[in-house]
Q: 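Let me begin by handing over the structure; questions about it come next.
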Amino acid sequence: MARIADLLAAGRTFSFEFFPPKTDGAQLSLGRAIGELEPLAPSFVSVTYGAGGSTRQRTHAVVSWMRKETTLTPMAHLTCQGHVRAEIREILNDYAADGVENILALGGDVPTDGEPAPSDYTYASDLLEDVVADGRFSVGIAAHPELHPRSPDRATDRKFLAAKLSRADFAITQFFFDLDVYVQMVNELADLGVTKPILPGIMPVTNKSQIRRMAELSGAAFPAWLAERLDRTDDAEEIRRIGVDTATELCQGLLDAGAPGLHFYTMNRSTATSEIYANLGLSPTR
Ligand code: FAD
């Protein structure tokens, strides 16, 4: 087992993100993806948390299973939306009892269906304070290179992000496609005196319409150069290949620029991540 802060202090980390499955079929797909990705020996893996606490049990089940049944070091995502302090204490106690040592403290979004559950927290930084004060976890936070969609302007986004990151061990970014947006964010935070590790989030394109929708929701720009490359074809396999090639180029650029590692959004599939890993020459015996 390992704390991510210690892993980052020792060198670059390479990590994979999964989401908790909703159906028996999705459960099998996740199991297969983990089985195929575990031999790549990632530094850690993470499991997302549903809006408003909707996957509390399922996220916990997957994280604890990974901890007990695999060689992987898991990190649990946790959001402040939909939780009061007593629930967060209970969730942290359950993770600590299962030997889980890493938490990603997030704002989360208010669920679009139904009444939002009561919450003692407004911002990720509020939750972060409680997880840091608990003392049993290495704690990460989210960063948005192209600004969080609710931020009124760049300076305000960076001010709150710098304050949040100065209290956490590391950040993981929303996905993006242009190297420059990552480098600019790292420089802006350094100008504000914050140099903690910021792991770039990598989302390989595997489906044109899905990635456009996700970029729109997350505030990531869908650059003209990428649209132009993808619009040359409607062949699914060719689109996947372009996605893997462009993600490989971005990853290599990030590593060359000094990124402290790479965090892959796997979408519970193994192929694109495995191919990028191979293209980058990342050794499973690292
Ligand atoms: P915050 O840090 O709270 O920021 C949200 C907005 O509030 C920003 O505009 C910020 O500038 C502003 N703000 C922050 N502090 C203050 C303050 N004191 N006063 C005024 N404004 C302030 N969502 C999920 O539901 N589950 C997940 O598992 C999940 N995993 C994610 C993993 C990564 C790596 C990333 C990048 C995002 C993830 N998200 C997840 C999405 C995330 O929850 C949303 O983007 C959410 O809207 C914001 O989360 P945050 O942690 O950045 O929030």
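Predicted model, so just to flag it, every value in this text is computed and none were measured. All ligand and atom numbering here is 1-based and tracks the order in the structure.
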Q: Do the rings of F16 and Y277 sit parallel, tilted or perpendicular, given the 30° and 60° boundaries?
A: perpendicular
Q: Measure from every N or O atom of ligand 1 to the protein's N or O atoms and keep only the pairs below 3.5 Å, writing each with atom names and distance to 0.1 Å.
A:
from, atom 1, to, atom 2, distance (Å)
ligand 1, 2 (O), K164, NZ, 2.8
ligand 1, 3 (O), A124, N, 2.9
ligand 1, 9 (O), H148, ND1, 3.4
ligand 1, 9 (O), S151, N, 3.3
ligand 1, 9 (O), S151, OG, 2.7
ligand 1, 11 (O), S151, OG, 3.3
ligand 1, 21 (N), Y123, OH, 3.4
ligand 1, 25 (O), Y49, O, 3.4
ligand 1, 26 (N), Y49, O, 2.6
ligand 1, 28 (O), Y49, N, 2.8
ligand 1, 28 (O), H77, ND1, 2.9
ligand 1, 30 (N), H77, ND1, 3.1
ligand 1, 43 (O), G108, N, 2.9
ligand 1, 47 (O), D109, OD1, 2.6
ligand 1, 47 (O), H148, NE2, 2.7
ligand 1, 51 (O), G107, N, 2.8
ligand 1, 52 (O), H144, NE2, 2.8
ligand 1, 52 (O), K164, NZ, 3.4

Q: Using 4.0 Å as the upper bound for N to carboxylate O, is an ion pair formed by E216 and R213?
A: no
Q: Charged N to carboxylate O under 4.0 angstrom, E146 versus R154?
A: no
Q: How far apart are the C-alpha atoms of H77 and S46, what are their side-chain angles, what is the distance that settles it, and do they pass the side-chain hydrogen bond (donor to acceptor under 3.5 Å, both in side chains) test?
A: CA-CA 7 Å; H77 294 210; S46 80; 2.9 Å; yes
Q: Assess whether a salt bridge exists between R232 and E238, defined as any Lys/Arg side-chain N lying under 4.0 Å from an Asp/Glu carboxylate O.
A: no
Q: Between R167 and E129, does any NZ, NE, NH1 or NH2 come within less than 4.0 Å of an OD or OE carboxylate oxygen?
A: yes
